[in-house]
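A quick write-up on the structure given underneath.
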Amino acid sequence: MSPAGEVVVDLGAVAANTAELARRAGSAQVMAVVKADAYGHGLVPCARAALAGGARWLGVAQLDEALALRAAGITAPVLAWLYGPGQPLDAVVAAGVDVSVAAPWALDAARGAAGRTGVPARVHLKVDTGLGRNGATTAEWPALVAAALAAQAEGAVEVVAAWSHFALADDPDHATVRAQERVFAEALAVGEALGARWPLRHLANSAATLTNPGAHLDLVRPGVAVYGLSPVPHLGDAASFGLRPAMTLSAPLALVKDVGAGQGVSYGHAHTTAGPTRLGLVPLGYADGIPRHAGSDSARPDVQPGGPVRVAGGTTRVAGRVCMDQFVVDLAGLPGAADAAAGDRAVLFGDGLDGSPTAEDWARAAGTIGYEVVTRISSRLPRRYVGGPGS
Ligand SMILES: *Cc1c(COP(=O)(O)O)cnc(C)c1O
């Protein structure tokens with residue numbers, strides 16, 4: 001156990017967010033993306049909550065994540081999209097997990113696994129429509145589709161979908177968004193001319209699910225929005241999209257003490273007390289996933305404001321540097337400073353509805369994105385689940 005730093009995950013929020021995404025997706029099915037331990041929220045509990053909220057599919061990056069869902073008894077369709085040559089697909093194919101195929105070696109791996117297990121491999125053919133990351137190039141696409149259709153005719157694979165991923169979905173009016181949609185439509189048509197039927201076509205992540213109904217097609221793949229974070233904070237916060245952040249991170253103060261003016265605080269003395277004040281010690285640090293970039297520098301508050309913390313009846317910011325296991329808050333000016341004591345709870349982020357800061361606020365303070373803030377919260381902090389069946 002950590003000194004009681006705690007992550008609370010509201011599974012009711014996960015289910016409600018999924019239901020809101022399903023409502024916005026209309027006739028398109030929802031694949032809740034639960035990769036990276038459900039963006040740090042906990043793979044299996046979040047998968048179950050998303051399914052309860054109306055997701056029909058689950059999406060993961062890694063094969064082991066898909067197998068963990070099956071080991072937990074989850075039977076919903078699962079797509080895994082990131083593996084390398086030499087990683088056998090037998091276990092996932094036998095478990096009825098769909099795999100992405102973007103290259104001939106991957107199709108061979110799927111066909112081989114089908115041969116050894118006797119189970120046809122369910123494949124989603126991925127085309128790179130412009131992201132420049134995973135996916136077959138449009139030059140490689142016709143041969144890949146033809147090979148997949150041949151394998152399907154042999155009974156070795158089942159072509160379940162064609163799919164792709166946006167580069168700038170968070171900038172819905174960007175020219176690349178329309179361009180990628182056009183390239184995807186052309187790739188679908190090229191496949192159809194070769195005989196493909198495409199039971200499913202999918203393209204949209206959270207940002208496109210919320211801002212680009214034209215890209216919903218047959219299935220949408222929201223990730224971050226399932227956990228209640230806005231994928232487009234520059235366009236609207238979570239609440240404006242009907243979403244509620246599911247994760248709350250807090251810890252009890254490990255120490256409160258009185259200090260005088262001019263006290264340098266934490267490594268490097270990047271914060272100096274302006275007058276006599278009280279300091280609170282928060283037992284969370286970068287080993288717990290608190291971004292070190294969210295420290296403050298009292299000489300440069302505009303550049304390094306520090307991550308916000310709700311404590312002592314108000315909100316303050318990290319004072320000075322974030323250390324490995326701990327950081328300090330200066331309670332100066334907070335309504336409850338005089339009464340503050342060790343054991344008082346400091347909330348780093350939550351759903352924001354009670355005035356607590358949000359993961360998005362931390363992202364701004366650390367120069368990153370909300371995705372990274374929640375995903376990096378260390379597994380050394382216990383997750384406690386509320387709002388779910390059985391809680
Ligand atoms: C992570 C990921 C998603 C989900 O993205 P969000 O921005 O979190 O909604 C969808 N598709 C692919 C291929 C991904 O890697």
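Order of listing sets the numbers, starting from 1, for every ligand and every atom in it.
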For [atom], what's the nearest protein heavy atom and its distance?
| atom | answer |
| --- | --- |
| atom 12 (C) of ligand 1 | H165 CE1, 3.4 Å |
| atom 9 (O) of ligand 1 | S206 OG, 2.5 Å |
| atom 1 (C) of ligand 1 | K35 NZ, 1.4 Å |
| atom 11 (N) of ligand 1 | R221 NE, 2.9 Å |
| atom 8 (O) of ligand 1 | Y39 OH, 2.5 Å |

Flag, side chain of Q304 to backbone of G295, donor-acceptor distance under 3.5 Å =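 Yes, the answer is positive, given that a donor and an acceptor are paired below the 3.5 Å cut-off.
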Could you say whether the N/O atoms of G223 and ligand 1 ever approach to under 3.5 Å?
->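 Among all N and O atoms of G223, at least one is under 3.5 Å from an N or O of ligand 1.
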Does a donor on one side chain and an acceptor on the other come within less than 3.5 Å for [X] and [Y]?
| X | Y | value |
| --- | --- | --- |
| Q180 | T129 | yes |
| H202 | H216 | no |
| S250 | R345 | yes |
| D330 | T277 | yes |
| E372 | T368 | yes |

So is P222 close enough to ligand 1, meaning a heavy atom under 4.0 angstrom away?
->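 Under 4.0 Å: yes for P222.
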Mind checking whether R133 has a heavy atom under 4.0 Å from ligand 1?
->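 Under 4.0 Å: yes for R133.
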I369 versus A363, closest heavy-atom pair with distance |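 Where I369 meets A363 most closely, the heavy atoms are C-CB, 3.4 Å.
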Would you kindly specify which portion of F166 sits under 4.0 Å from ligand 1, judged on non-hydrogen atoms: side chain, backbone, both or neither?
->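 It is neither part, as no heavy atom is under 4.0 Å.
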